[in-house]
J.: 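First, the structure itself, so that you have it in front of you.
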Amino acid sequence: MKKVLLFSLTVIIVSVLLSSCNQSSKNKEMVKKENFGVHKGKDVFLFTLKNKAGNVLKLTNFGARVTWIEVPDRAGNKENITFGYDTFEGMIKGDPYFGSVVGRYANRIAKGKFTLDGVEYSLPINNGANSLHGGPEGWHSVVWDAEVPSDSDFPTVKFTYKSPDMEAGYPGNMNVEATYTWNDNNEIVINYKCTTDKNTVINITNHAYFNLHGAGNGDILDHQVVINADRFVPVDSGLIPTGELRPVAGTPFDFTKPHTVGERINEKDEQLILGGGYDHTFILNSPRTVDASVYDAVSGRYMEVISDQPGVQFYTGNFLDGTQTGHGGKKYIYRSGLCLETGHYPDSPNQQDFPSTTLKAGETFTSQTIYRFSVK
Ligand code: GAL
């Protein structure tokens with residue numbers, strides 16, 4: 001009897017071990033890692049993630065970027081719908097933000113100054129009079145560490161970076177994680193986690209550009225957009241918030257019902273003129289629901305954005321001018337890509353009435369954003 005019990009126990013243990021082994025090798029099999037380049041002495045890799053639907057997401061640890069999202073159209077034709085470069089050299093010379101994780105503070109901080117606990121901090125000025133996206137050497141421009149976790153059911157890559165105290169002017173040693181999972185529902189699930197040893201500020205996002213016709217295939221003016229936001233954040237000529245939170249009702253900023261990007265973008269609206277198009281944060285009505293969506297009636301591709309963050313920067317590629325040549329030699333022309341960058345509002349450290357972006361020493365910041373792809 002004892003022997004039988006011992007035997008069954010051994011069988012159970014061995015099968016559990018075997019299945020966990022299968023599990024761990026499963027994620028590794030679903031993620032291919034290749035050398036992509038070397039930057040400042042650190043290896044840069046290209047990770048190719050394939051989900052059960054056979055769709056491909058490519059990531060790199062340079063800026064913890066998304067560089068390729070290949071999803072089918074209504075007829076099943078697959079095409080890459082995000083901006084990026086075929087080579088690391090192209091990436092280094094190209095636009096710094098395509099697909100990157102942006103931090104320590106995504107978006108603008110007025111005049112590159114903010115005060116925390118009575119101390120004034122100065123940040124690099126890299127956008128007119130202001131500091132943009134963590135300065136020129138923000139997290140988009142550094143090589144992150146990367147691992148392929150063994151305990152994931154779906155293709156997953158976890159990027160980590162240790163941002164030293166006073167890097168780009170921000171206080172506190174910050175450990176940051178950005179984990180991408182490409183699940184079988186064609187969702188890119190991005191989980192962020194940040195900790196600090198001194199009080200600091202944090203606003204982290206992903207800066208992917210999307211064109212659902214396929215990246216480099218014309219503009220996005222016919223894309224139908226919905227943003228579940230009753231208010232947005234008006235800006236001044238430097239794209240710094242005025243402090244007002246303005247209702248969208250009756251303005252070209254009302255995307256609570258579907259509108260194409262191009263329908264009202266050239267109206268003589270003060271905010272559209274200041275932004276050169278849409279380049280504004282929308283205040284999400286109920287984060288964690290479908291906060292925004294984009295539909296391309298031509299291809300049938302549909303993208304939904306779900307986030308736990310209070311806002312989303314809707315940017316319509318107004319600074320693109322065709323000088324960037326991306327994947328397959330395609331040119332990224334004016335308004336040929338749109339971004340939906342989830343996060344806090346710009347310049348929050350200087351705006352008392354905005355939700356706080358302070359992260360206290362010893363506390364942990366987490367957030368999640370999902371980009372879900374399907375067809376209609
Ligand atoms: C966006 C920002 C734009 C522009 C762009 C980078 O996040 O809203 O104004 O700076 O990044 O080119």
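Residue numbers run from 1 in the order of the sequence given. For ligands, and for the atoms within them, numbers begin at 1 and follow the listed sequence.
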J.: Hey, does Arg108 come in under 3.5 Å of ligand 1, counting only N/O atoms on both sides?
T.: yes
J.: Provide, to 0.1 Å, the distance between atom 7 (O) of ligand 1 and the closest protein heavy atom, together with that atom's residue and name.
T.: Glu341 OE1, 2.6 Å
J.: Short list, please: which atoms of ligand 1 are under 4.0 Å from a heavy atom of Gln313?
T.: 8 (O)
J.: Taking the side chain as C-beta and beyond, is there a heavy-atom pair between Tyr85 and Lys93 under 4.5 Å?
T.: no
J.: Taking the side chain as every heavy atom from C-beta outward, state whether Lys40 and Val143 have any pair of such atoms under 4.5 Å apart.
T.: no
J.: Between Arg264 (side chain only) and Asp254 (backbone N and O only), is there a donor and an acceptor less than 3.5 Å apart?
T.: yes
J.: What atoms of ligand 1 come within less than 4.0 Å of a heavy atom belonging to His133?
T.: 1 (C), 7 (O), 11 (O)
J.: Taking the side chain as C-beta and beyond, is there a heavy-atom pair between Tyr209 and Tyr332 under 4.5 Å?
T.: no
J.: Quick one: nearest non-hydrogen protein atom to atom 5 (C) of ligand 1, plus distance?
T.: His207 NE2, 3.6 Å
J.: If the plane angle is over 60° it's perpendicular, under 30° parallel, otherwise tilted; pick one for Trp182 and Phe373.
T.: perpendicular
J.: Nearest protein heavy-atom contact for atom 12 (O) of ligand 1: which residue, which atom, what distance?
T.: Tyr209 OH, 3.8 Å
J.: Report the member of Thr281, Asp95, Asn318, Asp279 with the shortest heavy-atom distance to atom 3 (C) of ligand 1.
T.: Asp279
J.: If we only count N/O pairs under 3.5 Å, is Tyr97 in contact with ligand 1?
T.: no
J.: Give the contacting part of Asn127 toward ligand 1: side chain, backbone, both or neither, where contact means a heavy-atom distance below 4.0 Å.
T.: neither
J.: Are Tyr345 and Val102 in one and the same hydrophobic cluster, where Ile, Leu, Val, Met, Phe, Trp and Tyr link if side-chain heavy atoms are under 4.5 Å apart?
T.: no
J.: Does the side chain of Gln309 reach to within under 4.5 Å of the side chain of Asp291, using non-hydrogen atoms?
T.: no
